[in-house]
**Q** 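The structure that follows is given in the form of structure tokens.
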Amino acid sequence: MHPVRPEFVPDPSLSQAAMEALQRDIAEAARFEDDLGFSPQGIAHSGDAPDGKQTTLRTGDGAADPPLVAGVDQAFVDDRAVSAIVVLQNGEVVERVSAVERTEIPYIPGLLSFREGGAILAAFAELETDPDVVLVDGSGRIHFREAGLATHIGVTLDVPAVGVAKNLLCGTPEQSLDETYPEGTRIPITADDSVETCPDGTVIGHALQTRQYDSPNRYINPLIVSPGHRVSAGSAAALVEATADGYKLPEPTRLADSYADEAKESVE
DNA sequence: GCGACAG
DNA sequence: ATCTTGTCGC
């Protein structure tokens with residue numbers, strides 16, 4: 001798939017001020033409400049799939065089959081970014097692609113999409129499947145200008161997108177994230193002064209405990225899930241919960257992560 | 001000036 | 001994100 005809003009394609013040569021201005025326009029175009037075409041709850045599971053090489057399967061495209069959920073993740077080799085996309089349906093891999101692009105700028109908190117966006121869009125250009133929703137590694141609405149990586153990609157491609165991060169970029173959790181919570185726990189993250197584009201108190205995402213140890217004194221940190229585009233905060237969390245299968249990360253993200261690692265071995 | 005900051 | 005062996009705990 002290709003950009004539907006070419007004017008939002010991340011340009012790493014922009015000045016920092018121009019990047020921030022573009023993010024405000026993207027946040028303006030973003031819809032943090034459900035516009036999915038399927039129910040977040042209606043995502044079937046299957047047991048653990050085999051790993052390693054999978055043949056690319058293509059289902060006879062009916063109209064309202066189980067949703068196609070894509071996971072996107074990046075790996076790096078020097079100044080190259082390897083972006084991998086894995087698409088699942090019914091818990092089975094339907095397609096996977098990868099692309100390599102040079103990174104033009106360093107990692108700057110708040111401007112991640114200008115570093116990784118090019119590689120991600122290059123990978124999407126290779127993708128034949130049209131996913132119903134995309135799980136992007138990083139933040140969506142939980143961002144200084146409500147335009148994190150998931151929002152940037154979702155709006156540019158006009159595809160429903162969800163941000164799945166391992167750490168909190170900004171905002172305030174309604175309860176401390178330093179405690180141990182049972183699986184399924186959702187803690188709202190609300191906007192504070194660091195989120196300059198929306199009223200304080202707005203729920204911009206959730207900390208979601210997708211996995212937790214049974215009893216010991218060891219614990220797993222929650223995931224930070226936020227709407228990217230065309231998804232509400234509640235549905236974003238429900239989607240991640242529905243695609244998680246025994247691991248902290250949802251399957252699409254987990255498989256994209258390992259595929260990116262695998263693909264980067266083939267980079268000179 | 002200092003702190004804080006996805007990947 | 002990345003550099004990396006062993007190790008603690010289920």
Side-chain angles (χ1 to χ4, degrees), chain A residues 10 12 16 19-20 23 26-27 30 71-85 98 100-121 123 134-154 161-173 177-178 180 182-183 189 191-197 204-208 211-229 233 236 240 246-250 253-254 256-265 267:
Chain A
Q16 186 153 328
M19 290 180 181
E20 294 177 359
Q23 290 183 324
I26 288 167
V72 191
D73 191 35
Q74 287 68 245
F76 298 82
V77 183
D78 298 321
D79 64 339
R80 312 287 190 99
V82 182
S83 181
I85 303 175
S98 66
V100 183
E101 292 282 294
R102 299 195 66 149
T103 54
E104 305 294 342
I105 60 172
Y107 164 66
I108 302 170
L111 299 178
L112 184 64
S113 58
F114 293 90
R115 171 176 166 78
E116 308 187 349
I120 295 174
L121 292 176
V134 178
L135 270 37
V136 182
D137 65 306
S139 268
R141 193 183 188 183
I142 296 180
H143 179 273
F144 311 124
R145 291 165 291 281
E146 294 180 280
L149 183 59
T151 302
H152 202 138
I153 296 302
V162 173
V164 180
K166 300 181 197 67
N167 295 287
L168 186 62
L169 172 63
C170 62
T172 305
L177 299 186
D178 297 321
T180 300
E183 284 184 12
I189 306 296
D192 54 28
D193 293 328
S194 69
V195 182
E196 36 197 56
T197 51
I204 53 178
H206 294 85
L208 175 65
R211 192 190 167 188
Q212 188 54 277
Y213 291 133
D214 290 313
S215 57
N217 33 22
R218 282 196 71 172
Y219 63 95
I220 296 174
N221 294 133
L223 282 180
I224 307 298
V225 180
S226 61
H229 181 47
V240 170
Y247 295 89
K248 171 173 171 171
L249 293 174
T253 302
R254 203 172 67 79
D257 184 88
S258 60
Y259 185 41
D261 278 334
E262 180 186 322
K264 91 172 182 182
E265 295 308 310
V267 173

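Quick caveat: nothing in here was measured; it's all calculated off a predicted structure. Chain identifiers are assigned alphabetically (A, B, ...) following the order of the sequence lines, protein sequences preceding nucleic acid strands; residue numbering begins at 1 within each chain.
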**Q** Please give, in whole Å, the distance from C:dA1 P to A:D78 CG?
**A**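 Computing the A:D78:CG to C:dA1:P distance gives 17 Å.
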**Q** Would you check if the side chain of A:S226 reaches a backbone N or O of A:G140 as a donor-acceptor pair within less than 3.5 Å?
**A**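 Yes; at least one donor-acceptor contact below 3.5 Å.
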**Q** Given 3.5 Å as the limit, does a donor-acceptor pair link the side chain of A:T253 with the main chain of A:G71, or not?
**A**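 Between the backbone of A:G71 and the side chain of A:T253 there is no qualifying donor-acceptor contact (under 3.5 Å).
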**Q** Nearest whole Å is fine: how far is C:dT2 P from A:D261 CG?
**A**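 From A:D261 CG to C:dT2 P: 6 Å.
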**Q** Looking only at atom types and distance, does a side-chain atom of A:R115 sit under 3.5 Å from a main-chain N or O of A:I105, one as donor and one as acceptor?
**A**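 Checking the backbone N and O of A:I105 against the side chain of A:R115, a donor-acceptor pair under 3.5 Å is found.
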**Q** So, taking the atom named CG in A:D261 and the one named CD in A:Q74, what distance separates them when rounded to the nearest 0.5 Å?
**A**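 That separation rounds to 11.5 Å.
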**Q** Looking at OG1 of A:T151 and NE2 of A:H229, how far apart are the two atoms once the value is rounded to the nearest 0.5 Å?
**A**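 Answer rounded to 0.5 Å: 9.0 Å.
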**Q** Between C:dT2 and A:K264, is there an OP1 or OP2 to side-chain N/O distance shorter than 4.0 Å?
**A**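 The answer is yes; a side-chain N or O of A:K264 sits under 4.0 Å from OP1 or OP2.
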**Q** Within this structure, what is the CD1-OG1 distance for the pair A:I204 and A:T197, rounded to the nearest 0.5 Å?
**A**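 Output value for this atom pair is 8.5 Å.
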**Q** With rounding to the nearest 0.5 Å, note down the distance linking CG in A:L168 to OG in A:S139.
**A**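 Answer rounded to 0.5 Å: 7.0 Å.
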**Q** If a stem is a run of at least 3 consecutive Watson-Crick or G-U pairs, both distances under 3.5 Å, which stems include DNA chain B?
**A**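 None - DNA chain B has no stem of 3 or more consecutive pairs.
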**Q** Could you give the CD-to-P distance, from A:Q212 to C:dC10, as a whole number of Å?
**A**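 Atom-to-atom, A:Q212 to C:dC10, this comes out as 12 Å.
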**Q** Using salt bridge (charged side-chain N to carboxylate O under 4.0 Å, His left out) as the criterion, list what pairs up with A:E196, not counting sequence neighbours.
**A**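 Only A:R24, A:R145 meet the salt bridge (charged side-chain N to carboxylate O under 4.0 Å, His left out) criterion with A:E196.
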**Q** List DNA chain C stems (3 or more consecutive Watson-Crick/G-U pairs, under 3.5 Å)?
**A**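 Runs of three or more consecutive pairs: none qualify.
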**Q** For nucleotides 4-7 of chain B, which of its nitrogen or oxygen atoms have a protein nitrogen or oxygen under 3.5 Å away, and what is each distance?
**A**
{"residue": "B:dA6", "atom": "OP2", "partner": "A:Y107", "partner atom": "OH", "Å": "2.7"}
{"residue": "B:dA6", "atom": "N7", "partner": "A:G110", "partner atom": "N", "Å": "3.1"}
{"residue": "B:dA6", "atom": "N6", "partner": "A:G110", "partner atom": "N", "Å": "3.4"}
{"residue": "B:dA6", "atom": "N6", "partner": "A:G110", "partner atom": "O", "Å": "3.1"}
{"residue": "B:dA6", "atom": "N6", "partner": "A:L111", "partner atom": "N", "Å": "3.2"}
{"residue": "B:dA6", "atom": "N6", "partner": "A:L112", "partner atom": "N", "Å": "3.1"}
{"residue": "B:dA6", "atom": "N1", "partner": "A:L149", "partner atom": "N", "Å": "3.1"}
{"residue": "B:dA6", "atom": "N3", "partner": "A:S139", "partner atom": "N", "Å": "3.0"}
{"residue": "B:dG7", "atom": "OP1", "partner": "A:K166", "partner atom": "N", "Å": "2.7"}
{"residue": "B:dG7", "atom": "OP2", "partner": "A:N167", "partner atom": "ND2", "Å": "3.0"}
{"residue": "B:dG7", "atom": "O3'", "partner": "A:D137", "partner atom": "OD2", "Å": "2.8"}

**Q** Could you pull out all residues at least two apart from A:H152 that satisfy ring-ring contact (aromatic ring centres under 6.0 Å, His included)?
**A**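 ring-ring contact (aromatic ring centres under 6.0 Å, His included) check on A:H152 returns A:F114.
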**Q** Looking at CD of A:Q212 and CD of A:E183, how far apart are the two atoms once the value is rounded to the nearest 0.5 Å?
**A**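 Taking CD in A:Q212 and CD in A:E183, the distance rounds to 7.5 Å.
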**Q** Contact class for A:A75 (heavy atom, under 4.0 Å): base, sugar-phosphate, or nothing?
**A**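 Sugar-phosphate, no base atom in range.
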**Q** Within the sub-3.5 Å range, which N or O atoms of nucleotides 5-8 of chain C have a protein N or O partner, and how far apart are they?
**A**
{"residue": "C:dC8", "atom": "O2", "partner": "A:R218", "partner atom": "NH1", "Å": "3.0"}

**Q** Could you check whether any side-chain heavy atom of A:M19 comes within less than 4.5 Å of a side-chain heavy atom of A:Q23, counting everything from C-beta outward?
**A**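 When only atoms from C-beta onward are counted, A:Q23 and A:M19 do not touch, as no gap falls below 4.5 Å.
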**Q** Any chance you could measure A:N167, atom CG, to A:L177, atom CG, to the nearest 0.5 Å?
**A**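 Output value for this atom pair is 10.5 Å.
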**Q** Backbone N or O of A:S194 within a donor-acceptor pair of the A:D192 side chain at under 3.5 Å?
**A**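 Judged by distance alone, yes, a pair lies under 3.5 Å.
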